[in-house]
Asker: 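Submitted below is the structure of interest, expressed as structure tokens.
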Amino acid sequence: TMRMLATLDVPVTINALARPRLSYALFIDDTGGGNGDGLLQPGEAVELVVSIKNTGAGPSEEPTALLKNLGGSETFIETGRQKLEALKAASAGVARFAFKVQPEAGGASAKAPKVDLRLQVFDAITGDLLVERLQFPIKSAQTEVKKKKAVLEATGTTSVLAAADGASPVLARAEGGTRFDAVAEVNGFVRVKLGSLYGYVAQNGLGPS
């Protein structure tokens, strides 16, 4: 027979690994296959540019981004999966998804036509997941875009928007005196460079540098 000679209680402390936390900012880039106003029109071939930042304390070793069409035939996704380089804490990467708005989208029979998408960003190692539903209206009006090359200066605190539309998301805020490299004028807005990305600033908030 076996006898229990003694029992021993050993306290064990388990410390969790620091985990990543993924956040994003995005805009429509229609400078290559569209009119360059940052809005969607029928027939445009565009890129959805997603800047993904790791705001957590741990690294994201294998971040991957997926884009899925939740709507109908008005949207055709050409590139719907992007694998990014590893993201250390406080670092960021950019995913670019290509899709096309079909020419018949936004016709007279359509009510409030829109592109309906789902964005997923996940880390294959930790399983951390970000899921967002994205909806972009399809505009029927075409916009005249004029090329412009100048250095302009914010006359006061101003917003840098994702498109040439006052209702579009804010990408950044700039203090008065901030200088911008302007590349085009559209709808009362100026398209400006933000590093390798673009944004739109209201013309009345800018002056010569």
Side-chain angles (χ1 to χ4, degrees), residues 23-53 67 70-71 74-75 92 94-103 105-108 110-119 130 132-209:
S23 63
Y24 73 92
L26 55 82
F27 70 96
I28 296 292
D29 186 351
D30 60 344
T31 57
N35 62 5
D37 63 359
L39 304 169
L40 295 180
Q41 279 96 20
E44 285 192 318
V46 307
E47 285 188 322
L48 176 65
V49 183
V50 185
S51 176
I52 300 167
K53 185 174 183 179
L67 190 69
L70 297 182
E74 71 281 344
T75 309
V94 175
R96 287 181 174 265
F97 301 100
F99 69 89
K100 184 174 183 179
V101 183
Q102 301 293 24
K111 293 183 178 179
K114 63 181 180 297
V115 166
D116 195 1
L117 306 168
R118 182 174 66 202
L119 172 68
L130 167 70
E132 291 288 344
R133 185 171 183 175
L134 310 174
Q135 294 182 325
F136 299 98
I138 299 174
K139 304 287 188 178
S140 58
Q142 294 296 317
T143 304
E144 182 181 0
V145 179
K146 297 179 181 179
K147 290 186 177 179
K148 179 184 183 70
K149 189 173 183 180
V151 177
L152 301 178
E153 192 171 289
T155 55
T157 301
T158 188
S159 297
V160 183
L161 305 179
D165 186 326
S168 62
V170 176
L171 296 179
R173 299 194 187 277
E175 299 295 327
T178 302
R179 292 184 175 182
F180 295 101
D181 289 325
V183 295
E185 292 180 351
V186 51
N187 273 1
F189 289 83
V190 177
R191 187 166 74 235
V192 299
K193 294 189 70 175
L194 300 175
S196 61
L197 308 178
Y198 292 99
Y200 297 79
V201 179
Q203 277 182 315
N204 59 14
L206 296 172
S209 175

Asker: Would you compute the distance between atom CG of L26 and atom CD of E132 and round it to the nearest 0.5 angstrom?
Answerer: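 Atom-to-atom, L26:CG and E132:CD are 9.0 Å apart.
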Asker: Knowing that exactly one of K139, E144, Q41 qualifies, which makes a side-chain hydrogen bond (donor to acceptor under 3.5 Å, both in side chains) with N35?
Answerer: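 It is Q41, the one option of K139, E144, Q41 that forms the side-chain hydrogen bond (donor to acceptor under 3.5 Å, both in side chains) with N35.
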Asker: Just to verify, which of K147, K148, K146 counts as forming a side-chain hydrogen bond (donor to acceptor under 3.5 Å, both in side chains) with E185?
Answerer: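 Of the listed residues K147, K148, K146, the side-chain hydrogen bond (donor to acceptor under 3.5 Å, both in side chains) partner of E185 is K148.
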Asker: State the NZ-OG distance between K53 and S23, to the nearest 0.5 angstrom.
Answerer: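 K53 atom NZ to S23 atom OG measures 7.0 Å (nearest 0.5 Å).
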Asker: Salt bridge between K149 and D181, side-chain N to carboxylate O under 4.0 Å?
Answerer: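 Salt bridge: no.
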Asker: So, taking the atom named CZ in F27 and the one named CG in L194, what distance separates them when rounded to the nearest 0.5 Å?
Answerer: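 Here the rounded value is 7.5 Å.
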Asker: Does a side-chain heavy-atom distance below 4.5 Å link V94 with I52?
Answerer: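 A side-chain contact is absent here, since even the closest heavy-atom pair is not under 4.5 Å.
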Asker: Just so I know, are the side chains of F180 and V151 near enough to count as touching, which here means a heavy-atom distance under 4.5 Å?
Answerer: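 No, every pair of side-chain atoms sits at 4.5 Å or beyond.
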Asker: For T158 versus A154, what's the shortest heavy-atom pair and its separation?
Answerer: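 Minimum heavy-atom separation between T158 and A154: CG2-CB, 3.9 Å.
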Asker: Kindly give the heavy-atom pair with the smallest separation between I138 and A105, and that separation in Å.
Answerer: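 Shortest heavy-atom separation between I138 and A105 comes out as CD1-CB, 3.8 Å.
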Asker: Do V190 and Y200 touch side chain to side chain, with heavy atoms closer than 4.5 Å?
Answerer: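 They are not in side-chain contact.
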Asker: May I ask you to decide if G36's main-chain N or O and R191's side chain share a donor-acceptor pair within less than 3.5 Å?
Answerer: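 It does hold such a pair.
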Asker: Is the CZ atom of R179 crowded by more than 12 outside heavy atoms at less than 6.0 Å?
Answerer: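 Open.
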Asker: Identify the heavy atoms of L161 and L171 that sit nearest to each other, and give their distance.
Answerer: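 Of all heavy-atom pairs spanning L161 and L171, the closest is O-CD1, 3.8 Å.
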Asker: Looking at every heavy atom in both S168 and A162, which two are closest together, and how far apart are they?
Answerer: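 Heavy-atom minimum between the residues: OG-N, 3.7 Å.
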Asker: Any heavy-atom pair between the side chains of V183 and V192 that's under 4.5 Å?
Answerer: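 They are not in contact (no side-chain heavy atoms under 4.5 Å apart), so the answer is no.
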Asker: How far apart are the closest heavy atoms of L39 and A163, and which atoms are they?
Answerer: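 Scanning both residues completely, I find the closest heavy atoms to be CD2-CB, 3.5 Å.
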Asker: Atom CG of L119 and atom CG of L48: how far apart are they, to the nearest 0.5 Å?
Answerer: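 If I round to the nearest 0.5 Å, the distance is 7.0 Å.
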Asker: Quick one, F189 and D37 - any side-chain contact, counting heavy atoms below 4.5 Å?
Answerer: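 The answer is no; the side chains never approach within 4.5 Å.
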Asker: Give, for atom CZ of R133 and atom CG of D116, the distance between the pair rounded to the nearest 0.5 Å.
Answerer: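 Between atom CZ of R133 and atom CG of D116 there are 4.0 Å.
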Asker: Report yes or no: does D30 contribute a side-chain atom to a donor-acceptor pair with the main-chain N or O of L40 at less than 3.5 Å?
Answerer: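 Answer holds: no.
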Asker: Can you name the closest pair of heavy atoms from E175 and T178 and give their distance?
Answerer: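 Minimum heavy-atom contact is O-OG1, 2.7 Å.
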Asker: Any non-hydrogen side-chain atom of Y198 less than 4.5 Å from a side-chain atom of I28?
Answerer: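 With C-beta onward as the side chain, the pair stays apart.
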Asker: For the residue pair L152 and S209, establish whether any side-chain heavy-atom pair is separated by less than 4.5 Å.
Answerer: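 Heavy-atom side-chain distance check fails, nothing below 4.5 Å.
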Asker: Indicate yes or no: at least one non-hydrogen side-chain atom of L70 is less than 4.5 angstrom from one of L117.
Answerer: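 SC-SC contact between L70 and L117 ruled out.
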